[in-house]
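Reading through the structure tokens given below for one structure.
In this chain, residues are counted from 1 in sequence order. Numbering of ligands and ligand atoms starts at 1, following listing order.
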Amino acid sequence: METETMNIKIRLTEESRVNQLDPNNIVFGTLFTDHMFVADCVNGVWQTPEIVPYGDIAYNPAFATLHYGQSIFEGMKAFKNEENDVLIFRPLENFKRFNISAERMCMAQVPEEIFIGGLEELLKIDAAWVPKGEDNSLYLRPFMFATDVYLGVRPSLNYRFMIIMSPAGKYYATPPKVKVETEFIRAAPGGVGYAKCAGNYAASLYPAKLAAEQGYTQLLWTDAIEHKYFEESGTMNVMFVKDGKIITPAVSTTILKGITRDTLLKLAQSMGIEIEERRVSVAEIIEGISIGSVTEVFGAGTAVVVSPFAAIGFEGTDYVLPEITENSLSTKLKNALNDIRTGKVEDTFDWVWKV
Ligand SMILES: *Cc1c(COP(=O)(O)O)cnc(C)c1O
């Protein structure tokens with residue numbers, strides 16, 4: 001069946017696979033919804049987007065992306081509330097950040113009607129795939145890559161923007177042990193740390209593998225110049241609770257401007273918690289853990305909201321953090337954000353969009 005809606009060409013699947021979704025047993029990133037959104041930018045002109053059955057795409061071996069890595073993405077989540085409405089959280093922030101990443105990678109800007117309009121239309125069609133249940137969501141992955149068939153190094157003239165969606169379940173991991181990385185770096189001033197570009201993640205795999213061999217589940221990245229100041233943790237922003245205050249590295253060109261980070265800071269402010277956005281030195285935090293003034297360290301990102309750490313490894317010593325309880329600040333912030341994004345409590349911040 002072919003229909004025309006809102007300038008999106010829609011071809012629906014003949015047979016839904018939604019019965020493959022078991023809300024009690026979701027393995028992240030392995031099952032994809034019935035449809036995907038595709039829009040091509042040809043010589044700077046966006047063509048009529050399409051929603052088509054999820055499936056393989058063909059590529060030419062000379063695709064610029066495969067060689068020089070012009071590739072960016074976003075990560076967001078959709079939830080169902082009690083009334084079965086589909087809710088998305090601060091999508092305009094992801095849209096804006098996507099185009100900031102695009103600019104840095106010299107890629108085409110994506111119009112709002114394609115990014116947001118495509119997301120909404122795809123979610124309407126595949127709404128049955130948004131799982132209900134505690135901590136369940138539909139992970140949304142908008143991404144774009146260069147499609148020029150050309151081996152010269154220059155910005156591609158053609159791009160493909162796509163959205164795919166994959167059910168996500170409860171995140172069970174126990175608090176990880178993280179290693180302060182003082183040899184490898186994630187980002188340097190003037191580089192691409194603030195962009196959600198594919199290469200940043202490829203570059204992080206090797207140091208993470210070495211840390212895993214030493215028993216650490218995650219890395220705490222430090223600054224590229226002195227390795228003295230915290231930047232991020234894995235693919236999350238990082239926050240510290242010291243003397244009851246939240247301390248977090250100020251955003252810069254080497255730090256991804258997380259939407260969860262911003263949201264948690266605004267929630268903390270509304271709870272009357274003091275916040276400091278500044279440089280945070282490794283020495284300050286290690287000393288704080290030793291004398292008990294630093295009580296929590298956690299990562300913040302869309303995937304897990306907050307991920308509290310059990311211990312921080314620095315120069316061969318593990319500095320163990322107090323156990324997280326229901327009264328921990330990170331627990332309170334996590335619950336407050338979850339309640340808003342799943343529609344359990346009133347959203348006084350105007351963050352939640354009903355599709
Ligand atoms: C995506 C990402 C984050 C978290 O951003 P959110 O908008 O909160 O999901 C933090 N750091 C890096 C490096 C990221 O890629």
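- Considering backbone and side-chain atoms alike, Lys257 places every N or O at 3.5 Å or more from each N or O of ligand 1.
- Residues Glu284 and Arg278 are paired through a salt bridge, judged by an N-O separation under 4.0 Å between the basic side chain and the carboxylate.
- Under 4.0 Å from ligand 1, the heavy atoms of Met236 that appear belong solely to its backbone.
- Residue contacts with ligand 1, taken as heavy atom pairs separated by less than 4.0 Å, involve Leu256 solely via side-chain atoms from C-beta onward.
- Ion pairing of Arg90 with Asp262 is present here, as a side-chain N (NZ or NE/NH1/NH2) and a carboxylate O approach within less than 4.0 Å.
- Residue Gly75 has no nitrogen or oxygen atom sitting less than 3.5 Å from a nitrogen or oxygen atom of ligand 1, judged on distance alone.
- Counting protein heavy atoms only, atom 8 (O) of ligand 1 is closest to Thr260 OG1, 2.6 Å.
- At under 3.5 Å, a nitrogen or oxygen of Tyr201, whether backbone or side chain, sits near a nitrogen or oxygen of ligand 1.
- Ligand 1 lies nowhere less than 4.0 angstrom from a heavy atom belonging to Met76.
- For the pair Arg97 and ligand 1, the shortest N or O to N or O distance falls below 3.5 Å.
- In summary, of the residues considered (Phe98, Phe73, Phe95), a ring-ring contact (aromatic ring centres under 6.0 Å, His included) with Phe161 occurs for Phe98 alone.
- Between Arg97 and Glu74 there is a salt bridge, since at least one side-chain N of the basic residue sits less than 4.0 Å from a carboxylate O of the acidic one.
- In the hydrophobic cluster analysis, where Ile, Leu, Val, Met, Phe, Trp and Tyr join through side-chain heavy atoms closer than 4.5 angstrom, Val86 is grouped together with Leu31.
- The 12-atom threshold is exceeded at CD of Glu226, counting heavy atoms of other residues, nucleotides or ligands nearer than 6.0 Å.
- Polar contact with ligand 1: present for Lys196 (N/O pair, distance under 3.5 Å).
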